[in-house]
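Down below is the structure, laid out as structure tokens.
In what follows, chains carry the letters A, B, and so on, assigned in the order in which the sequence lines appear, proteins first and then strands, with residues in each chain numbered from 1.
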Amino acid sequence: MRDEPNDLPRAEALLDWYDRHARALPWRVSPRDRAQGILPDPYRVWLSEIMLQQTTVAAVRDYFHAFTTRWPTIAALAAAPDEEVMAAWAGLGYYARARNLQKCARAVVADHGGVFPDDHATLLTLPGVGPYTAAALSAIAFDAPETVVDGNVERVMARIFDDHTPLPAAKPVLTAYAARLTPQERPGCYAQAVMDLGATICTPRRPACGLCPWRGACAAWTNGTAAELPKKAPKKRKPTRLGIAYLARRVDGAWLLERRPDKGLLGGMLGWPGSVWSEEPPAEDPPIRAEWKTLNEEARHTFTHFHLRLTVRTALVPMERTPGRGEFIESPEFRPADLPTVMRKAFDLAHGGRSAPVAGSGKP
DNA sequence: CACCCGTGGGA
DNA sequence: TTCCCAAGGGT
């Protein structure tokens with residue numbers, strides 16, 4: 001860290017800015033309404049926070065609307081079949097979130113009478129709720145003065161204090177800075193305000209320092225280092241893995257699909273039976289005996305830590321033939337939108353053209 | 001602590 | 001094309 005600002009930034013200055021510039025979001029209660037003592041439904045706050053983990057507001061919007069329309073309460077969500085929740089989450093990514101969403105909903109119903117706990121320590125015990133989400137729920141849904149630290153807050157703190165320690169090593173220090181600035185008053189608005197500041201003004205690239213209410217107290221602004229912060233540890237480059245997907249269609253139109261195991265990549269999601277994905281050319285492993293044809297184009301997809309090139313093979317199989325693995329799903333019940341994106345890409349290639357989103361599914 | 005876990009949009 | 005990034009959590 002270099003020169004710390006002489007004066008700490010004041011929460012009041014940020015709250016004034018937030019009162020004027022708060023974004024209206026479907027899971028949010030406006031600052032004006034919060035001033036009247038109105039707090040948001042903890043269920044909606046929780047759902048939005050889980051969806052927003054490592055995910056943009058733009059990507060979350062439609063999913064949030066679809067979920068809250070279909071499952072308006074945590075009891076409704078807890079009662080929903082796993083497959084329906086996984087299908088509704090399809091395309092949003094990080095599918096462990098959806099599995100933990102169900103676990104958490106059921107835990108709240110079973111262990112807390114269907115009422116979201118308002119205690120920070122208890123929140124931390126819930127599946128899928130870590131330090132960030134527990135603090136966000138405490139602050140936003142219950143107006144408790146907890147310190148939220150997400151990627152936005154890390155960036156804002158690194159700049160305010162001009163801290164050049166690379167992430168993730170810097171996280172504890174940045175958390176301590178954030179705690180120093182957290183006010184006792186209006187903690188819910190403050191939590192959303194810091195994150196909004198990071199999302200709209202103190203952005204990763206080309207921060208709009210000229211518009212920042214905390215500019216006067218920002219060491220990085222003084223030193224001209226804002227744009228290069230926060231520092232990050234160098235990333236590894238992604239290897240490319242190869243695989244084969246087998247898209248079998250029965251003569252009656254049913255598709256052969258397979259539920260993936262709960263653990264690991266795309267856990268719990270529906271997908272095409274296929275080979276293992278590795279950097280070596282895959283061994284053939286068809287799920288059913290058939291005359292397989294290979295598509296000219298392969299499906300390409302990038303996951304968190306590798307690129308995938310997926311060879312797509314298709315076949316038409318007679319009614320009486322039984323698969324070695326997977327299960328035929330009748331055509332009317334099969335919705336491509338229920339598949340994770342990589343599987344939908346394979347389907348689109350086989351089917352010719354992008355599959356249409358299902359009406360009312362809320363998917364892009 | 002290091003690694004695993006998706007996706008789409010923008011530079 | 002390629003890289004980076006987004007309201008992290010679990011193991």
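- For A:T133, the side-chain atoms get nearest to C:dG9 when compared with the rest of B:dT7, B:dG6, C:dG9.
- Here A:T304 lies in heavy-atom contact (under 4.0 Å) with a base.
- Atom CG in A:L52 sits about 15 Å away from atom C1' in B:dG8, given to the nearest Å.
- One can find a donor-acceptor pair under 3.5 Å joining the base of B:dG6 and the side-chain atoms of A:T55.
- Residue-level contact check: A:W27 touches the bases, meaning some heavy atom is under 4.0 Å from a base atom.
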Discussion item. Using the rule given for side-chain hydrogen bond (donor to acceptor under 3.5 Å, both in side chains), can you reason through A:T55 versus A:R97, listing the C-alpha separation, both sets of side-chain angles and the distance that settles it, and then say yes or no?
Written reply: CA-CA 11 Å; A:T55 309; A:R97 293 184 297 172; 3.1 Å; yes
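- Scanning atom types as modelled, no donor and acceptor separated by under 3.5 angstrom connect the side chain of A:Y132 and the base of C:dG8.
- For the pair A:D196 CG and C:dA6 C1', the interatomic distance rounds to 14 Å; values are reported in whole Å.
- Rounded to a whole Å, the NZ atom of A:K171 is 14 Å from the C1' atom of B:dC1.
- Residue-level contact check: A:I50 touches neither bases nor backbone, having no heavy atom under 4.0 Å from any strand.
- When ring centroids are compared, A:F142 and A:W46 stay outside the 6.0 Å threshold.
- Here the P atom of nucleotide C:dC3 and the CZ atom of A:R205 are 14 Å apart, to the nearest Å.
- Checking A:K103 against A:K238, the closest nucleotide of DNA chain C that is more toward the 5' end is the one next to A:K238.
- C:dT11 sits 14 Å from B:dG6 when the P atoms are compared, rounded to a whole Å.
- Nearest to the side chain of A:H305, among C:dG9, B:dC4, C:dC4, sits B:dC4.
- Ranking B:dT7, C:dC5, C:dG9 by closeness to the A:H301 side chain, first place goes to B:dT7.
- For A:F303, the side-chain atoms get nearest to B:dG6 when compared with the rest of B:dG6, B:dC5, C:dC5.
- Note on A:K236: only backbone sugar-phosphate atoms sit closer than 4.0 angstrom, heavy atoms only; bases stay farther off.
- Atom CG in A:L25 sits roughly 17 Å away from atom P in C:dA6 (whole-Å rounding).
- At C:dC4, none of the side-chain N or O atoms of A:K232 fall inside 4.0 Å of OP1 or OP2 (strictly under the cut-off).
- As rounded to whole Å, 15 Å separates atom P of B:dC4 from atom CH2 of A:W277.
- Heavy atoms of A:R28 sit under 4.0 angstrom from at least one base atom.
- Taking the six-membered ring for Trp and the full ring otherwise, A:F303 and A:H305 have centroids separated by 6.0 Å or more.
- A:T294 and A:R313 are linked by a side-chain donor-acceptor pair at a separation below 3.5 angstrom, with hydrogens and angles left out of the test.
- Residue A:E327 qualifies as open at atom CD: its count of foreign heavy atoms under 6.0 Å is 12 or below.
- Side-chain N/O atoms of A:R344 include none lying less than 4.0 angstrom from OP1 or OP2 on B:dT7.
- Distance from the side chain of A:L265 is smallest to B:dG6 among C:dC4, C:dA6, B:dG6.
- Between the side chain of A:R186 and the main chain of A:A35, no donor-acceptor pair closer than 3.5 Å is present.
- B:dC3 atom P lies 15 Å from atom OH of A:Y94, rounded to whole Å.
- Residue-level contact check: A:R206 touches neither bases nor backbone, having no heavy atom under 4.0 Å from any strand.
- Between A:T56 and B:dT7 there is no side-chain N or O to OP1 or OP2 distance below 4.0 Å.
- A straight line from CD of A:Q53 to C1' of B:dC5 spans 12 Å, rounded to a whole angstrom.
- Closest approach to the A:Q54 side chain among B:dG6, B:dG8, B:dA11 is made by B:dG6 (side chain taken as heavy atoms from C-beta onward).
- Among the protein residues, A:T302 comes within range of the nucleic acid bases, having at least one heavy atom under 4.0 Å from a base atom.
- At the heavy-atom level, A:P168 lies nowhere under 4.0 Å from the strands shown.
- A 6.0 Å sphere centred on CZ of A:R289 holds no more than 12 heavy atoms belonging to other residues, nucleotides or ligands.
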